[in-house]
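Below you'll find the structure, written out as structure tokens, and then a few comments.
Counting begins at 1 with the first residue of the sequence. What you see below is based on every heavy atom in this structure, not just the backbone, and it leaves out hydrogens, waters and symmetry mates. Note that ligands are numbered from 1 as they come in the structure, with each ligand's atoms numbered from 1 the same way.
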Amino acid sequence: MNSYDELLAAITPTSGPSRDVFDPATAERIGTAPVHDASMLAAAVDAAHAAQPGWAALDDQARRDALHRAADAVEAAAEPLALLLSREQGKPLNGPNARFEVGACAAWLRATAATDVPVEVVVDDGTDYAELHYRPIGLVAAITPWNWPMMIAIWQIAPALRMGNAVIAKPSEHTPLSGLALISVLNQVLPAGVLQAVAGDGALGAAMVADPAFGKIMFTGSTATGKKIISSSAENVARLTLELGGNDAGIVLPDVDPAAIAQDLFWGAFINTGQTCAALKRLYVHDDVYDAVVDALGEVASAMPMGVGTDENNVLGPLQNRMQWEIVDRLVEEAKADGGRVVVGGNPDREARGNFYPTTLIADLPSDSALVVEEQFGPALPIVRYSDVEEAIALANALDVGLGASVWSADRERAREVATRLEAGTVWINSHGGVHPFIPFGGVKKSGYGLEFGVEGLKSVAVPQVING
Ligand code: NDP
């Protein structure tokens with residue numbers, strides 16, 4: 001298999017409840033998704049229970065090999081996967097978008113296969129001897145959002161499988177086809193039952209979280225849903241990794257070269273058309289370079305083509321859904337009312353068929369404007385002027401979320417000093433939002449808890465066991 005039509009056919013339901021899925025750029029129907037219910041979830045849990053002991057009993061190398069074969073399968077299906085992702089999510093094929101996302105899935109599978117989780121000898125002093133091992137949990141739930149529907153799924157699935165667990169994944173109701181297609185491709189090479197998908201809405205997600213079969217819930221999405229998952233997991237004492245997004249600050253120090261950083265600032269904020277958990281969502285710029293940074297950023301932003309994702313020229317696309325479009329629109333309108341200066345954009349075509357919101361920069365905003373303090377999750381960046389770095393640090397830390405942050409400076413040591421004072425799980429210097437499969441990633445405050453990636457990520461989908469003696 002592996003043509004686009006074959007990929008779609010493999011996930012199109014032939015019986016049972018289903019619903020149509022539409023392209024957010026054109027409003028055209030692109031396919032049909034199943035709508036699974038509690039009985040389908042129960043069947044998936046039974047199949048996972050049957051498959052997991054055999055998977056866990058394989059030696060580690062066999063699971064590493066399986067992840068490499070899964071990466072091969074993703075690479076063999078890369079172009080049809082990217083096309084489906086582009087049509088369903090809206091992100092363009094080109095730029096750091098659909099092809100990039102599919103490539104990252106293969107890369108993450110391989111990196112997860114390559115990461116060692118050695119047995120740790122924690123005490124060996126001649127009297128006492130103890131080792132720390134990491135054992136499979138059993139069954140892991142992988143609940144994902146609509147912004148990076150393949151890559152975030154792989155972030156949850158790959159480590160869970162590597163550590164000997166079975167996984168049941170639930171894609172977002174906004175992007176079910178992307179998740180189902182990816183899992184169908186992975187299942188071309190994985191043993192039956194170790195990885196399954198159920199498609200449905202938040203109620204199905206809630207049913208998964210309430211099901212005592214799951215020893216671990218991997219969740220990426222909103223803080224509101226994360227709080228519900230925390231409550232629900234209490235009953236089963238299920239382990240949680242929660243990546244709940246944020247409102248990342250970037251602080252530009254007075255010594256930067258504005259033209260040199262403008263491109264990286266832009267992509268830090270506008271990657272995936274701003275629909276990224278760890279995107280730069282509010283920018284604080286020192287007085288000395290404020291006008292030059294705003295101008296340089298405006299120049300870059302104006303030159304970036306936005307449009308239908310399947311047009312190879314575009315690097316920015318529509319918002320994935322109308323709900324998110326409405327949020328961005330409201331925040332920009334409030335920013336204008338607060339006295340914000342529209343540098344670029346801010347003038348959506350409200351009658352257009354697709355969910356396009358133009359690339360928007362709003363400067364001269366008061367630091368308490370809603371566009372600054374609420375997460376926009378779209379292509380509208382607020383820019384706030386500051387004159388004292390202490391003030392910028394205080395503003396960056398003032399919110400109750402802390403996924404990422406960035407500091408921009410020609411002086412790396414000065415930037416590192418500022419970085420240590422920011423309340424965020426990751427602070428980037430002279431970039432924003434880049435993730436790496438060997439570098440742990442996770443939030444502080446209401447951005448969630450638990451680490452993904454690297455050896456810490458693998459340990460988080462396992463249970464520790466001490467062998468003492
Ligand atoms: P949600 O948190 O509602 O959805 C994320 C996932 O959780 C989806 O698969 C969803 O299912 C599922 N879900 C919903 N309710 C429950 C529940 N009670 N128990 C278990 N799972 C559940 O995010 P939204 O898609 O509604 O987006 C809302 C906001 O979240 C955005 O505006 C943005 O600010 C933020 N967000 C953050 C992301 C991130 O990367 N951290 C990604 C996406 C959004 P379903 O969608 O099918 O209802």
Inset, instruction - Applying side chain to side chain donor-acceptor pair (under 3.5 Å), run through K91 and T273 and close with a yes or a no. - result: CA-CA 8 Å; K91 65 183 69 190; T273 315; over 6 Å; no
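Atom NE2 in H36 sits 7.0 Å away from atom CG in L180 (nearest 0.5 Å).
Between the side chains of W428 and T426, not a single donor N or O lies within less than 3.5 Å of an accepting N or O.
Listed for the T175 side chain is no donor-acceptor partner under 3.5 Å among the backbone atoms of P149.
Pairs engaging residues 227-246 under the salt bridge (Lys or Arg N to Asp or Glu O under 4.0 Å) rule: none recorded [sequence neighbours left out].
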What short N/O contacts, under 3.5 Å, does ligand 1 make with the protein, listed by atom pair and distance?
unit_1   : atom_1 : unit_2 : atom_2 : d
ligand 1 : 2 (O)  : S222   : N      : 2.9
ligand 1 : 2 (O)  : S222   : OG     : 2.7
ligand 1 : 2 (O)  : T225   : OG1    : 2.8
ligand 1 : 3 (O)  : T225   : OG1    : 3.2
ligand 1 : 9 (O)  : T144   : O      : 2.8
ligand 1 : 9 (O)  : K170   : NZ     : 3.2
ligand 1 : 11 (O) : K170   : NZ     : 3.0
ligand 1 : 19 (N) : A206   : N      : 3.3
ligand 1 : 25 (O) : W146   : NE1    : 2.6
ligand 1 : 32 (O) : Q324   : OE1    : 2.7
ligand 1 : 34 (O) : E375   : OE1    : 2.6
ligand 1 : 40 (O) : N147   : ND2    : 3.3
ligand 1 : 41 (N) : G221   : O      : 3.4
ligand 1 : 41 (N) : G245   : N      : 3.2
ligand 1 : 46 (O) : S172   : OG     : 3.3
ligand 1 : 47 (O) : K170   : NZ     : 2.9
ligand 1 : 47 (O) : E173   : N      : 2.8
ligand 1 : 47 (O) : G200   : O      : 3.2
ligand 1 : 48 (O) : E173   : OE2    : 2.8
ligand 1 : 48 (O) : G202   : N      : 2.9

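Centroid-to-centroid, the aromatic rings of F453 and F441 come within less than 6.0 Å.
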